Every structure is written in structure tokens, then in C-alpha cells.
Amino acid sequence: MSARFQALAANEDADHRVNDAESASPTRLRFASGSQRVAAPDRRWKWTVRISTALLAAAAIAVAAALAFRVNGATGDQSGSDSTRNNVITVLAEGGQCAASGKDCSASKTCCDSSQTCYQKNEFWSACMSSCDPATPDEFDGKTWSCNALSGGGASSGAASDAAGSQLPLCSNVSDTACLKAKCSISDGGPKGDCMKTWCCSTPGTQCYEQNDYWASCKPSCDPNGKTEFEGKGWRCTARGPRTPGDNHAWKPCPKEEGAEQYPLLVDGDVHVAWEHAEQRAGELLKTLELDDKVALLRGQNDPWPNDRHGYAGYINPNYYFRNKCAMPLMLNDGPQGYNHYQQKLAGTTTQFPALLSVAASFDPEVSRAYAAAISNEFAAKGANVMLGPDVEVGRNPLSGRAFETLSGEDPFLGSQLVMPFVKETLKEGIIVTVKHWLDNNEEDYRMTMNVDVTERAQHEIYMPVFKAAIEAGAGAVMCSYQKVGGTHACENPHILKKLLRKDLGFRGFVMSDWGATHDAERSAKSGLDMEMPGGATDHYHKLPDLVRQGKVSEKTIDEMAGHVLSSMYASGHFDGQFKFSTGEAALDTNVTSDAHRLVAHKTIVDSAILLKNKGETLPLSSGSMKLAMVGKYCKATHDKSYGQGDVFSAGGSGYVMSNLQVTPLAGVQARFPDSEVTFSLDAKGAKGADIAVVCASAHAEEGWDRPNLTLPEAGDLVTALRQQSPEQKIVVLAIAPGAITTEWLENADAALLLFMPGEQV
């Protein structure tokens, strides 16, 4: 019989093979009884040594090594060409082999020291080490290690020894989801949870860790100091096989970077300097990331749990591949008319603020500042560090279904004055502000297919000034819109994304798509779209790595895109503790509303109310005893079944906040006038004999549809009926509207008060 061992070493030229006989640079394998010449080609080499049993027995004690790589330190020094490297492999008496500490174990996949593991750096290099840090670049080439565990120590006992002798891991390609599901272990324990004999995990975001010689489990992380309930002992925490990419729902912040105080942030006021430092830091981090890490910054995580959105409108997981662990997840959420939790069971845990159009109607920057402070506080408490707002587009279509959302109303100068304090106040919480929708977004009915043509002068004088003011105040993100501009979809339009936004306005943050507004990965990436939302298996940006490999999109473009995202994170303080978030899971069901926030909402309503008419000083109502009749269903109702989204006092869509805390006009009047007789009726008949009749009328709007007309439903009929019934009766109209309305009913009323979707504190 004879013993045989093979060793393979490969570099980037995987197709270059040279037969042993053709090699001009032979390498000697030294043995106690002599030597044998074996050819070693310059770039890819292979050798086979046959040793008789008798020769092996005679030389076993003297055998020390074969082909020694020179290795310095734990990570190894991979210097020198393949033809000059020497590698030491200990030949075991039973005919096997193992690698010494710090030596290359690519061939043997076994370490002589049982306490060490064979960790892989890349397809060309592995080494036996006690531990491996996938986040720290080594000194040789500045690249990080994948830290895939190819095997453990050759002296392991028990089940670990059995595992080392089999073909493990059962699935080495972590991108092969079918293999992972069929052959790898789960993370729930039990027989299917023991990964000692699989060395791979089917659950995303987990790694196979050894507890002892007989048990290993798939876990997000492993604490060697943690005690088990079963034995009361700690875990060995030796990593086996590759980590399965995905979300482990266990993110924790890294220690604050030493000297981080020297880097100014956007909140500090000097926006230009903040961006300069942020871009420098982002560039340094980019050098340590692989292509997949960069792409993870550019597309939402939107698959089934655990790779889900964590309950937010959008979620970016920078550490999906575990090489960017210090980067905080981006948790994106709507309003900004309050934190939208999207779940009826959470109604009342956040404040339903008045619409942004109410802020515009206040004409007061201080109202905007206080409004932003209250809302951003609730966002931070819910764990959202990217606010999808404010909406700042200048309204040009009064029927637009989202006219209620704009902070600008119809005036670019007004919007510019109000957006600056809004942005600056939100930055105090470490939240990235997203101004939207870029650009020329003024209709809902055909927003997916329509085209808008606007002259350059109109763009600069009407539609762009509010965005410019927001950018100068420190906005870190811009959301592009659905429709086409000049014949090209906004999210793949180089003229509006590169020329108008970046060159003309000097924007340095990242551009994200509206949800579903991306149409082509290659066109969007080349045209200036950095981030696709909401992401998921069927999105477009999952194609980016292949497009790079095919040469259709350059990696330089990917670097620019990822750099924009990281720069916004640095500039907003996400790496420096400005956003107070220290866990992988936010308490989304926490009640974050407060009396102080409701007071802000109430004051916003008061400061934005428009008195359309006040004949004979009908308003304000006296505090004495009187008979008040509340007329119309919207004096009492908060919801209308005919609405697709939203409620009576808050328009529908992504900016809607569900609430069960509404104070209706009827309840408010009853509380305000306890000494008066307050009645309610659906029509004019119930108001007979009342001193004053208050008509409650509400118009509705919601995202996705434009309003059919500008009328205020029921107002005309109710006012006319009341006037005919009691010509001398005082009639007050409380008008709730999402924007412009017609007022043909005003002549028969004594007073009228207009509120723009006032929210729960109406």
C-alpha cells in the first residue's frame, strides 16, 4: 500500500494549468530517507507524492513539513509569488494531514492544533487561527476575511472529529438557497438543529457554533460566557462552516470611533464642512467592503422573516453579509404628518398631527419647528432613523389627491422658509430627512404613466427652490417620483437627477425611489438613482452585482451610489451616536404619543385656522349658557366607510396615521361649553329652536386618486335647509378640507372656519 496526499493552491488565473513535467521551477519535498523532485508551475501548481508504507513508517518521526508558506501573525503573510512560497503541512501517521498554526489550510482543511479553526479569507487563501474577525482588514492587502470556517482542529474528539472527516459543510455555497433548505440545520434546536454534522445553517443570519464536542447549533451570535439551562456551562463558540447571509435581528452599535468629535455633523450647522468630512469617512469604509456589501446599501430588505422590513416602510441592512457590522440599519418610515405604524392594533400609539398643509397655512417658521420636533421625537422613539418627508413640492393642481401633504402650499418662497426649521429640528434626533417628490409631481390619477414637460426657468423658479432650501439646511435624502419628466421616468432621468439635483443644487446625499418607481436597474444606476425601495426578491437592484460582472455597470458607479448612502449616515451622526438606537429590534408597539405632542398638534390647528367669514362677530362663541345644535354626520363621526384610506379629519395614503384618540367637534364643544345645551342631529330638523347651529362638513382626499371636484360635501344642502327653516338663526360652518374648496354656501352662513385636515385634535 502507499500513502498519497494532494495539495492545490490557486490564484486568480484559475484556467492556467501546467503539467508537472513542464515546470521549470521544481520544488523539493524533503523526507528523512531522501527527497523527490516534484514540478511546481509558476501560477497554479499541483503535486502528488507517493510514499510506500515502509518508507512512511521509517520516516514518520522525522517528517516535519512540506511546502512551507511564510506566515507572520494570526492572519498570515501571503507575500511572494506562488512559485517561491514554502508551505508546511504535517503528514499524520494514518495518512491524513493537517496545517500548523497560521499556515495555509486550503488543501487539508484541518488544523493540527485542535483549539484552532481553518478560516477562509477568499478562494485563494485560508489559515489556521484561534479566531477570525470579518470586519478588520489584514495588513497584507487591506482586505477583510470571509471567515468561513472550513474545518476545526485535527485533534478534535467525539462528534467534532467525525465531522472533520466528512465532506463538510454540506452546503458551501451560501447563495444556493435550495441546498441550504434541503441539507442544512435549522435554528430551533432538536435533531434538525444540531449542525455538528452539517456545518451549515438554513436560517438566514445564523452561523453554526459548537457548544462542546457533541453539540453545535445555528445561532445569530455566540457568547462563550453565556450559560446553558441544560448543563449550566458555557459555549465553546467555535464557528463551523460558512455564515448564512441575512438578517440576524441582533444589530448592536460598535464603539464610537476614536476622535469622532472632530467630525462636524449636519446638525452642527456648517453643512458643507459636514459633507466634506462625511464623504472622507465614507470613502475609507468603502475600501473595506466587497461588491455585495455595497449593493446591500442600495436596495431594501423586503423578504419573508427574518429578512423582512422589521415593521417599517423600508429597511436597509448594511451588514447583510457580516462585513459592515458597524453600520446602523436604515429604518425608513412615513409621515411626516406623524409616525405611520400601518397597523390598526397600534392606533393611538403615535399622534395624528394636522396635515403639512396646515403648517403651510400658519405662515410661521416656529410652528414648523415645533411640529418637526414633536414628530421626530416620536420617530426616534419608534426606532426610525430615516423620515420619508417632508413633502415640499409646490402645488399647481388644486384637485391633486396629495395636495394636503405639501409644506409649500402654492408658494416656493413660503415652502423655503418653512422647510429649513423643519429639517434642522429633525436632524437633532439623528434622523435623515427625505424631501419629496423630485420632481414636478402634481397629479395622482395617472402618476405611473403621465409625462410632465417643464421649462428650465420654471424648474428653477417654481419647483426647485424648496428642495434647494431643504438641501442647504441639511436634508440627507431625496425621493424621486413616479411620473415621467421630459419623457423619461423620474427615477432614471439623468437630467433631473444629475444635472438639476446634483450639479445645480449641489446635493450630496442619496436619492431613493418612491415605492415601486424603479423600472430598470442599469438605466437607474447610471442615471443617478442610489437606492431602490422597497426592495425584495423581485426588485431591480438585486441585478446590480451581475450587471457589474457583465461590465454593463461599473463598480465605480456602485461605489458612488453606496458612498452617497454612507455619507448621509456619517453626516447625520449614525456612526457617532446622534441617533439613539442600540438594539436590533425597536419596540414598535410602544406608545410614544404624549400630552406635550397633542398640545403641539392643537396649537398647529389654531395657528393655521382660516376665518372665511364672521358676520356680526358670531365667533368666538360666548361662554355663557345657550342652546347649540351640531348638525351633520361629521360632527360626531371619525370614519367614513366610503373612504379607501384615511378618516374624516386626516386624509389617506402613506402620510395617514391611524388613531383612536380623535376629539370630535361634538365632543369638543360639549367639553368647552358645559353650561350650554348641546344637541346633535344629522339634518337641519334637529336644530329647531337652537341659538346657534354649527354645520360640520368635510371633504376627503387620498393618495392614488385625485379629487373629482372642489365642493365641500353636504355644506350647501345643510346651510340652505337651516336658513330656510330659521331665517334668524346664527349658522356657523366648520369646514374640513384637504385643499382648495368652493364656497357657494358661504353667503347663507354667518361665520365659517376652514381647517386643513386637522387630525385627532380637531
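Remember, it's a predicted structure, so these values are computed and weren't measured experimentally.
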Q. Just wondering, are more than 12 heavy atoms of other shown residues or ligands nearer than 6.0 Å to NZ in K468?
A. no
Q | Note: E443-R447 ion pair, threshold 4.0 Å (strictly below) | A | no
Q | Validation row: S362, T604 side chains within 4.5 angstrom (heavy atoms) | A | no
Q: Please determine, by modelled atom types, if T351 and R598 share a side-chain donor-acceptor pair under 3.5 angstrom.
A: no
Q: Would you sort out whether N302 and Y315 count as a side chain to side chain contact (heavy atoms under 4.5 Å, CB included), showing the intermediate values?
A: CA-CA 7 Å; N302 188 28; Y315 191 87; over 6 Å; no
Q: Give the C-alpha distance, both sets of side-chain angles, the deciding distance and a yes or no for side chain to side chain contact (heavy atoms under 4.5 Å, CB included) between M387 and I375.
A: CA-CA 10 Å; M387 180 185 289; I375 289 180; 3.8 Å; yes
Q | Aromatic plane relationship, Y339 with H341 - under 30° parallel, 30 to 60° tilted, over 60° perpendicular | A | tilted
Q: Taking side-chain contact (heavy atoms from CB on, under 4.5 Å) as the test, write out the residues that go with A373, two or more places apart.
A: R369, E425
**Q.** Heavy-atom side-chain proximity of D750 to V732 below 4.5 angstrom
**A.** no
Q.
Between D514 and K436 (salt bridge meaning N to carboxylate O under 4.0 Å), is one present in this structure?
A. no
Q: State whether a side-chain donor-acceptor pair under 3.5 Å links Q729 with D691.
A: no
Q: Give a yes or no answer on whether the side chain of W275 reaches the backbone of L265 with a donor-acceptor pair at less than 3.5 Å.
A: no
Q.
Under a 3.5 Å distance rule, please check whether S513 uses its side chain to pair with a backbone N or O of E532 as donor and acceptor.
A. no
Q.
Tell me whether K603 at atom NZ has more than 12 heavy atoms from other residues, nucleotides or ligands lying less than 6.0 Å away.
A. no
Q.
Can you see whether S376 engages T426 through a side-chain donor-acceptor pair at a distance of less than 3.5 angstrom?
A. no
Q: Assess the pair F404 and F756: is the distance between their ring centroids shorter than 6.0 Å?
A: no
Q) Are more than 12 heavy atoms from other residues, nucleotides or ligands located less than 6.0 Å from atom NE2 of H602? A) no
**Q.** pair I741-L754: side-chain heavy atoms closer than 4.5 Å
**A.** yes
Q.
Is the shortest side-chain heavy-atom distance between V648 and M757 below 4.5 Å?
A. no
Q. Side chain of N442, backbone of V394: donor and acceptor closer than 3.5 Å?
A. yes
Q. Side-chain donor-acceptor pair under 3.5 Å between Y446 and D706, yes or no?
A. no
Q) Taking C-beta and beyond as the side chain, do L500 and H460 meet within less than 4.5 Å on heavy atoms? A) yes
Q) R402 versus H437: any side-chain heavy-atom pair under 4.5 Å? A) yes
**Q.** K685 atom NZ, neighbour heavy-atom count above 12 within 6.0 Å
**A.** no
Q. Got a sec: does the CD of Q343 have more than 12 other heavy atoms crowding it under 6.0 Å?
A. yes
Q.
Please determine whether the number of non-hydrogen atoms from other residues, nucleotides or ligands lying under 6.0 Å from atom CD of E410 exceeds 12.
A. no
(Q) Taking NZ in K499 as the centre, count heavy atoms belonging to other residues, nucleotides or ligands within less than 6.0 Å. Is the count above 12? (A) yes
Q) Partners of D640 by side-chain contact (heavy atoms from CB on, under 4.5 Å), sequence neighbours excluded? A) K633, Y634, S642, Y643
Q: Could you check if a side-chain atom of V386 sits within less than 4.5 angstrom of a side-chain atom of M331, using non-hydrogen atoms only?
A: no
Q. Side-chain contact, heavy-atom cut-off 4.5 Å: F353 with E378?
A. yes
